Amino acid sequence: MTIATIGGHNKKGKVSSLRRLLGNLLLSLGILAGTIAILAHLCLLTIFNPNRLANDAQTLSASPTIQSAIADGLTNALAPITGVSGIVVSHAELQSIVAAAMRQPQVRDQFVSAIRQADGHLLGTNQAPVTIGGPGLTQFIAAGISQYSSSLGNAVQQTNLRIAIPGADLPNLGPLARAARIAVPIATDAAIVLFLLALIIHKARSAVIARIGKWLIAMSIVAVLIFWALPTYLLPKIHLSWALLASVILKATGQGVTVFYLELAVSGVILYLLSKIVTKLV
């Protein structure tokens, strides 16, 4: 083997290493951009969707966790009356009254309206009080309380109850929602371009396709963890009101993205199998 031949092999080796290094860099940047696009899209489908919570209001109204939180709000609303009368209705009894109230069409309609206001709080478009109340609800609550204390029930009838519902203290995530809407198309286009460049430059194209496939499968698993495993197994064990509410909301909103993370998983499997076919053909 001549010196020129050795030099040629070394040069080819350096070029091949450089292509692999540059291809891996482009692929990593593409995965980063794609991850941003997927997570932002998931947020837009769920917590940043202006109608998502309202669409799930029926599910939320039947949740014992939500009813318990409303019972807490009812306790606060009754405080001026119970403080004077000295009569207290237990939280369990109030939650039973709330559960019965939530089965009334008029109260459910108020709850849906309040959930829309909570959506507005979350997205920074509405700062109106997140409450339910009025004469109809007051009379229904008064009748329920009268089962335990007629004097307290009569006192409640003379008031106009306003009960704060979960969502009154939701943070303003409007800037993040606007950022997500901007990020999705930009990050998606960037990921596609970077993936194509990585396929063109990288010498082992099958490895690039396999890695993209594995990444898509991993992102589908992340989505399942966020919208199923986290609210089902982790958050309920924290035993804090915000964690329990978050678990209910994540479960309810996550039902609308099942198709999306199934598409991610199927696409990932297809690309991974395709990489194996490409490897055999090369």
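Remember, predicted model here, so these are calculated numbers, not experimental data.
A distance-only check finds no donor-acceptor pair linking the side chain of His202 to the backbone of Leu26 [under 3.5 Å].
Two residues are said to be in side-chain contact when any heavy atoms from C-beta on lie closer than 4.5 Å; Asn24 and Val208 fail this criterion. By the 4.5 Å heavy-atom criterion applied to side chains, Leu39 and Met219 are counted as neighbours. In this structure, the side chains of Phe260 and Ile38 come closer than 4.5 Å at one or more pairs of heavy atoms. Looking at heavy atoms from C-beta onward, Leu262 lies out of side-chain contact with Ser220 at the 4.5 angstrom threshold. Contact of the Phe111 side chain with the Ile70 side chain is registered, since non-hydrogen atoms from C-beta on lie closer than 4.5 Å.
For the residue pair Thr35 / Trp215, a side-chain donor-acceptor distance below 3.5 Å is found, with atom types taken as modelled. Looking only at atom types and distance, the side chain of Ser90 has a donor-acceptor partner in the side chain of Glu93 under 3.5 Å away. One side chain, Ser28 or Arg211, offers a donor N or O that lies under 3.5 Å from an acceptor on the other.
Nearest heavy atoms, Leu44 versus Arg181: CD2-CG, 3.5 Å. In this structure, Val89 and Leu152 approach most closely via the heavy-atom pair CG2-CD2, 3.5 Å. Across Gly213 and Leu271, no two heavy atoms sit closer than the pair CA-CB, 3.9 Å. Scanning all heavy atoms of the two residues, the minimum distance from Ile141 to Leu74 falls at CG2-CD1, 4.0 Å. Across every non-hydrogen atom of Arg19 and Lys203, the tightest pair is NH2-CA, 4.0 Å. Here the closest heavy-atom approach between residue Gly134 and residue Arg162 is recorded as N-NH1, 3.4 Å.
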Taking only distance into account, with no hydrogens and no angle test, what donor-acceptor pairs under 3.5 Å do side-chain atoms of residues 190-201 form with protein atoms, sequence neighbours excluded?
none

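Remark: Ile221 CD1 to Ile226 CD1 distance equals 12.5 Å, nearest 0.5 Å. In this structure, the separation between CZ on Arg205 and OG on Ser275 is 14.5 Å, given to the nearest 0.5 Å. Here Asn154 contributes atom CG and Ser149 contributes atom OG; the two are 8.5 Å apart, rounded to the nearest 0.5 Å.
Not counting sequence neighbours, the partners of Ala187 by the side chain to side chain contact (heavy atoms under 4.5 Å, CB included) test are Ile36, Ala37.
For residues 53-79, there are no ring pair (Phe, Tyr, Trp, His ring centres under 6.0 Å) pairs, not counting sequence neighbours.
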